[in-house]
Amino acid sequence: MHDFAADPPVEERVGDLLRERDETVAVAETATGGLTSALLTSVPGSSAYVDRTVVPYDYDALREMLAVPRETLDDHGAVSAPVTTALARAARDTADATWGVATTGVAGPGGGTPETPVGTGFVAVAVAAPWGTGDSGATVTRHEFDGDRSAVREKLARQALAALENEANERPD
């Protein structure tokens, strides 16, 4: 699980950052199947900043657990920017966390389409700002990774944590 880790690993850098800022994160992940959360919680003391993780893996779970609208799923499919953004916002809001992180993707070896080939993944990061400021928001990015299922999942999970680190560093504490 550390084939693509930097030194120090992104999960340690994110943990240090969130702990220093007294911020929390909630994660919703599909294609990574809990790997993003496993990386986060591999750091000693992660209970100080990891609020919860949810791994909804099919359309019904996306709707039932995190209220992703049926229309969004119908219009865009589970592996899409709109669904990933909805997941990050829902993770943040249902946990009342500072940050919500979400992943969707096609890890393979099957399941890809010409529009969304195997190796495609989306990462969304949502932040909660104080009520009334209008500063809450979310970003989403699309990625294409090479490798087998295991490599795609690890790269996508690490990309999710790198995106969280980047967004947190860009936001004043």
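In this structure, Glu71 has no side-chain hydrogen bond (donor to acceptor under 3.5 Å, both in side chains) partners at least two apart in sequence or on a different chain. Residues forming a salt bridge (Lys or Arg N to Asp or Glu O under 4.0 Å) with Glu144 (at least two apart in sequence, or on another chain): Arg142. By the side-chain hydrogen bond (donor to acceptor under 3.5 Å, both in side chains) test, Tyr57 pairs with Arg149, sequence neighbours left out. In this structure, the side-chain contact (heavy atoms from CB on, under 4.5 Å) partners of Ser37, at least two apart in sequence or on a different chain, are Val27, Glu29, Thr53. When the side-chain contact (heavy atoms from CB on, under 4.5 Å) test is applied to Ala88, the partners found at least two apart in sequence or on another chain are Ala102, Ala124, Ala126.
In this structure, Trp99 and Arg171 have side chains that are in contact, with non-hydrogen atoms separated by less than 4.5 Å. At a threshold of 4.5 Å between non-hydrogen side-chain atoms, the residues Thr72 and Pro82 count as touching. Side-chain contact check for Glu170 versus Thr139: every heavy-atom pair is 4.5 Å or farther apart. Put simply, the side chain of Val14 does not reach to within 4.5 Å of the side chain of Glu11, judged on heavy atoms.
Placement of Val140 and Val127 in two distinct hydrophobic clusters is found when ILVMFWY residues are connected by side-chain heavy-atom separations under 4.5 Å, directly or transitively. A continuous path of ILVMFWY side-chain contacts below 4.5 Å connects Val125 to Val50, so both sit in one hydrophobic cluster. The hydrophobic cluster containing Val43 also contains Val101, counting ILVMFWY residues as joined when their side-chain heavy atoms lie under 4.5 angstrom apart, directly or transitively. Both Val54 and Leu73 are part of a single hydrophobic cluster, where members link through side-chain heavy atoms under 4.5 Å apart.
Put simply, the side chain of Asn169 gets close to the backbone of Glu165: a donor and an acceptor are under 3.5 Å apart. For the pair Arg13 (side chain) and Leu161 (backbone), a donor-acceptor distance under 3.5 Å is absent. A donor-acceptor distance shorter than 3.5 angstrom exists from the side chain of Arg153 to the backbone of Thr32, with no hydrogens or angles considered. Thr120 contributes a side-chain N or O that, together with a main-chain N or O of Pro117, makes up a donor-acceptor pair within less than 3.5 Å.
When every heavy atom of Gly105 is checked against every heavy atom of Thr30, the shortest pair comes out as N-OG1, 4.0 Å. Of all heavy-atom pairs spanning Pro56 and Leu62, the tightest one is CG-CD2, 3.7 Å. Between Ala97 and Ala128 the shortest heavy-atom distance is O-CB, 3.7 Å. What you find for Ala90 and Leu66 is that their closest heavy atoms are CB-O, 3.4 Å. When all heavy atoms are compared, the tightest approach of Ala157 to Leu39 is CB-CD1, 3.8 Å. The minimum heavy-atom distance between Arg19 and Ser46, with the atom names listed, is NH1-N, 4.5 Å.
Atom CG of Asp146 sits in a sparse spot, with 12 or fewer heavy atoms from other residues, nucleotides or ligands closer than 6.0 Å. For Asp22, the CG atom counts as loosely surrounded, since its 6.0 Å shell holds 12 or fewer non-hydrogen atoms of other residues, nucleotides or ligands.
Atom CG of Leu17 sits about 12.0 Å away from atom CD of Glu167, to the nearest 0.5 Å. Taking CG from Leu87 and CZ from Phe122, the interatomic distance works out to 12.0 Å, rounded to the nearest 0.5 Å. Considering CG of Asp51 and CG of Leu40, their distance stands at 12.0 Å, rounded to 0.5 Å. How far CZ of Arg63 is from CG of Asp60: 5.0 Å, rounded to the nearest 0.5 Å. In this structure, the separation between OG on Ser42 and CD on Glu12 is 7.5 Å, given to the nearest 0.5 Å. The CG atom of Leu18 sits 8.0 Å away from atom CZ of Arg21, with the distance rounded to the nearest 0.5 Å.
Within the structure, side-chain hydrogen bond (donor to acceptor under 3.5 Å, both in side chains) contacts touching residues 74-93 (residues at least two apart or in different chains) are Thr84-Thr104.
Just one residue in the list Thr36, Val55, Val79 forms a side-chain contact (heavy atoms from CB on, under 4.5 Å) with Thr103, and that residue is Thr36.
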